[in-house]
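Structure first, commentary second.
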Amino acid sequence: MKQVKILAQFYVDLLVKLGIFRFSLLLAAALVALALVVQISVTLLLQGTMRDVEIIRSVTFGLCITPWAVYFLSVVVDQLEDSRQRLSKLVTKLEQMRARDMELNQQLQANVSRLNSEIEEREKAEEAREEAMQDLENEVYQRENAQLAVAEKSALLKSFLDASPDLIYYRNEKNQFSGCNRAMAELVGKSEKELVGLTPWDVYPAEVAKHILKTDQELFDDNTAMTDEQWLDYPNGKKALFELRKVPLYDRNGKRLGLMGFGRDITERKQYEDAQEKASSDKTAFISTISHELRTPLNGIVGLSRMLLETELTDEQRGYLRTVHVSAITLGNIFNDIIDLDKSDRRRLELLPQPLDLHEFVEDIGNISQLMAEQKGLRFDLECLTELPQNIEVDSTRLRQVLWNLIGNATKFTKQGGVVLSVSSEIHDHDANIIFEVEDSGIGIPKTEINNIFAMYYQVQQGDDNLHAVGTGIGLAVSQQLVHLMGGEISVDSEVGAGSTFTVKIKVPLVETVIEEHVVTDVRPEMTGLSIFMVEDIELNIVVAKSLLERLGHEVTVAMRGDQALAMFKPEDYDLVLLDIQLPDMTGFDVAQKLRQQYQDLPALVALTANVVNDKTEYLAKGMDEVLNKPLSVKAITNVIENLVLSCSHEIQVTDLDVIDNSNMTHSSVIDTLLDLKMLTSYVEIVGTEPVYTSIAMFEKMMPDYLAILDSNMTAKDQDGIKFEAHKIKGAAGSIGLKHIQQIAQKAQSPELPAWWENINDWVDEIKYSYQDDINVLKTWLNQQ
């Protein structure tokens, strides 16, 4: 079939190539030839011979059928050609379509591949999405857990911050609060939500806000943490001192967000410091009083016993007197150590160098040391190893104190043998090095104790015969401080059982002359009674003062109001005027001013006050000549009489009284001083006692809060706050008839009073520690009604 197709195609191609005419001829010839060949072949096959006629007949047959065959074949060829052309066109179209199909197939395959790829990608994307969803779910779960953990931590942190008694707050760069803890909210009286967005101007008083914003700006400018102290008010008026620590606040990228503040309440610490300061002041006052009170009798005992030792005495008397003399000197030495210890604690230990005759000084030390040694049956030797300068400049009291400590210790710790004081010097042009050596044959000091003996309160634990752990333990410590203050050195060399040697080296200037010291004897002139005019409104004070003054032999006239005093007073009738500062109608200053305006010649005007007076300047500036504390003491009133009245040639007889007998003071007068009996009596008559008890219970419930706020204002030294709280206490006390508390509160609420700051602590303490006792008196009085 394929060969036929090839032959047919060859035939068609030949027809097209030769043309119809030539092809017809060729075809005719081919047919004739074919006819001849067929005829010949058949004839030969059948007959075995070939005749001419048969050949002609075959040629004729071939020629006859040739046109028809040519026509037929031509038509067929044309049709075939047309068919071929159409077929060719169809084939072309088919090929085009095939190509198109192939292209479409390729596109389809590409699309299929792409679709498959997309499907795969979608499948992968779906898988990725599922994985992402799973991851997202895990992340959401983790975030939820993290948020829960953060919330728990935040709640824990918030609880922790709220549990803290310290203030914690945050402020942004615009000074607006961003958050705080409970302590801060309680301080400002606002919740955290209310506080957020507010500035210090909206929360604190203007003055406080100004200071806070100033420190905030300093922190922002320097970008460093800072610490400050600030008094802040609670909503109930209580003041507290806070130590505020402010630090810059940053985010995790290092951008500053604002500041974080921490505030610690240091009010108690401040109160403790103030109490310490007051205790130190009280201790100083006590030491000063002791110094004044004890030095005079000690000096008297030492001087008189020394004089008596120079008179004729029996051996027994002389022994007793030596004991008295040495004991007084020893007591004075211990007392000097105590005074110097106090001064050392306050960094006020100082020297007062004066010209001194060194020879006389050393001789005097030797004489007293001789007496001390003889009292214990010991030998004392004074050795001057070199020539000594005559006059030097030194604080002789301090130097004597140091040597007395060393000699006293040497005598104390020596059971047998003796004590030697050696003195030597190196004299230069303008100064000299003085060396004192105190050597004893006592128990000695262990080597391990040598470095400790100059420590405060240290006592050597050595010996089996009660010679150890004796004394105050401050003598050597004070001596070392004094020697160092003189620019010198003190050292010790000792051996157990063989004794000790203390060496003091000082460098002192040389002087030419010494001013002799003279002992001034305290001699008081004889005195007779005075006529005293006293202005006082409190009956109890009148009874006490009048009793004292009359027992001293004076005559007393009393006025209880300012106007009454001005009407009664005649300057020629009185030698002394005592004026209470707080009177019902005016102050003692007002009375003094009116008296000075009205009269030219006046007796001394002395103020009476229950306040502790530390500075008299204000009293003197307001017309007073002196001021006395109540209750009066014999010493105080006697000093005033000596200083202010004796100059006017009055002679006074002084009775040696130091104790006031108050036995004549009745119980009713005490109650009347504490309670407003007139108000209470009328009130009870009208409403009975039950409402008073109810008011007392309310007062007892309120007072702790009042006093707590008052204490905070005292610590803050807030005058207005003190005045306000004292006014509330005054009103509350007056409502239940506590006159004494009311009067003290009246003083506490009056800053215009003289020396108010100096006395307010005592007034507040008096209110604090006496109001309950006054209430008990009130309850006792009510039970009797």
Side-chain angles (χ1 to χ4, degrees), residues 153-251 256-277 705 707-722 724-725:
K153 290 182 179 179
S154 178
L156 179 62
L157 179 61
K158 181 64 176 174
S159 299
F160 174 76
L161 295 180
D162 286 340
S164 172
D166 296 340
L167 306 181
I168 302 175
Y169 58 90
Y170 323 88
R171 282 203 293 272
N172 59 25
E173 297 270 350
K174 297 180 180 180
N175 300 115
Q176 296 172 325
F177 284 94
S178 303
C180 69
N181 69 339
R182 183 178 300 152
M184 183 66 184
E186 291 175 354
L187 173 69
V188 299
K190 298 178 183 295
S191 66
E192 183 178 10
K193 291 183 179 180
E194 294 172 333
L195 187 63
V196 172
L198 300 181
T199 68
W201 293 111
D202 304 317
V203 177
Y204 303 114
E207 187 173 341
V208 175
K210 181 178 179 181
H211 178 75
I212 289 177
L213 291 175
K214 178 183 176 182
T215 57
D216 286 358
Q217 191 59 46
E218 291 175 359
L219 179 140
F220 290 143
D221 292 341
D222 299 337
N223 209 33
T224 56
M226 64 178 302
T227 303
D228 188 27
E229 290 186 2
Q230 180 68 52
W231 283 100
L232 300 174
D233 295 347
Y234 281 91
N236 64 356
K238 178 183 177 182
K239 283 187 174 293
L241 178 62
F242 287 93
E243 182 180 70
L244 299 178
R245 175 72 173 173
K246 301 178 183 178
V247 297
L249 182 62
Y250 302 93
D251 63 12
R256 191 176 68 193
L257 302 177
L259 64 84
M260 175 179 286
F262 306 89
R264 172 154 295 179
D265 189 344
I266 58 172
T267 309
E268 290 187 5
R269 187 175 77 185
K270 176 66 174 174
Q271 290 173 339
Y272 176 72
E273 291 173 353
D274 290 347
Q276 276 191 321
E277 183 178 350
D705 292 336
L707 292 174
I709 297 174
L710 184 58
D711 280 342
S712 70
N713 284 279
M714 286 290 296
T715 305
K717 300 189 184 303
D718 183 355
Q719 179 175 295
D720 291 338
I722 296 171
F724 182 72
E725 289 304 317

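None of the values given here were measured: they were computed from a predicted structure. Residues take their numbers from the sequence shown, with the count starting at 1.
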Non-hydrogen atoms of [X] and [Y] that approach each other most closely:
X	Y	result
H211	E229	NE2-O, 4.5 Å
P165	A183	O-CB, 3.8 Å
N236	I709	O-CD1, 3.4 Å
A206	W201	O-CZ3, 3.6 Å
A209	P200	CB-O, 3.5 Å
L219	A225	CD1-CA, 4.4 Å

### With sequence neighbours excluded, residues passing side-chain contact (heavy atoms from CB on, under 4.5 Å) with D711
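Partners of D711 under the side-chain contact (heavy atoms from CB on, under 4.5 Å) test: Q271, V764, K768.
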### Task
Could you check V203 against F177 for side chain to side chain contact (heavy atoms under 4.5 Å, CB included), going step by step and ending with a plain yes or no?
CA-CA 10 Å; V203 177; F177 284 94; 3.9 Å; yes
Partners of [X] by side-chain hydrogen bond (donor to acceptor under 3.5 Å, both in side chains), sequence neighbours excluded?
X	answer
S164	none
K239	D233, D718
D221	Q217

### Query
Just checking, is any N or O donor in the side chain of T267 or D265 under 3.5 Å from an acceptor N or O on the other one?
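There is such a pair between these side chains.
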Hey, are the side chains of [X] and [Y] touching, using non-hydrogen atoms and a 4.5 Å cut-off?
X	Y	result
F242	L187	yes
Y170	L257	no
L244	T215	no
N713	F724	no
L710	I722	yes
W231	T715	yes
E273	R269	yes

### Query
Of the options L198, I212, T199, which is the one that meets R171 in a side-chain contact (heavy atoms from CB on, under 4.5 Å)?
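Testing R171 for a side-chain contact (heavy atoms from CB on, under 4.5 Å) against L198, I212, T199 leaves exactly one candidate, I212.
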### Stepwise side chain to side chain contact (heavy atoms under 4.5 Å, CB included) test for I168 and F262
CA-CA 5 Å; I168 302 175; F262 306 89; 4.0 Å; yes
Quick one: [atom1] on [X] to [atom2] on [Y], what's the gap to the nearest 0.5 Å?
X	Y	atom1	atom2	value
R245	L167	CZ	CG	15.5 Å
L213	E218	CG	CD	11.5 Å
M714	L707	CE	CG	11.5 Å

### Query
So, are D228 and K246 salt-bridged, with charged N and O less than 4.0 Å apart?
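No.
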### Query
Which pairs count as side-chain hydrogen bond (donor to acceptor under 3.5 Å, both in side chains) when at least one residue sits in residues 175-186, sequence neighbours excluded?
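Those involving residues 175-186 are N172-Q176.
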### salt bridge (Lys or Arg N to Asp or Glu O under 4.0 Å) against D202, all qualifying residues, sequence neighbours excluded
none
### Message
Within the supplied structure, the quantity of interest is the number of heavy atoms (other residues, nucleotides, ligands) at a distance under 6.0 Å from Y234 OH; does it exceed 12?
### Response
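It does: Y234 OH has more than 12 such atoms within range.
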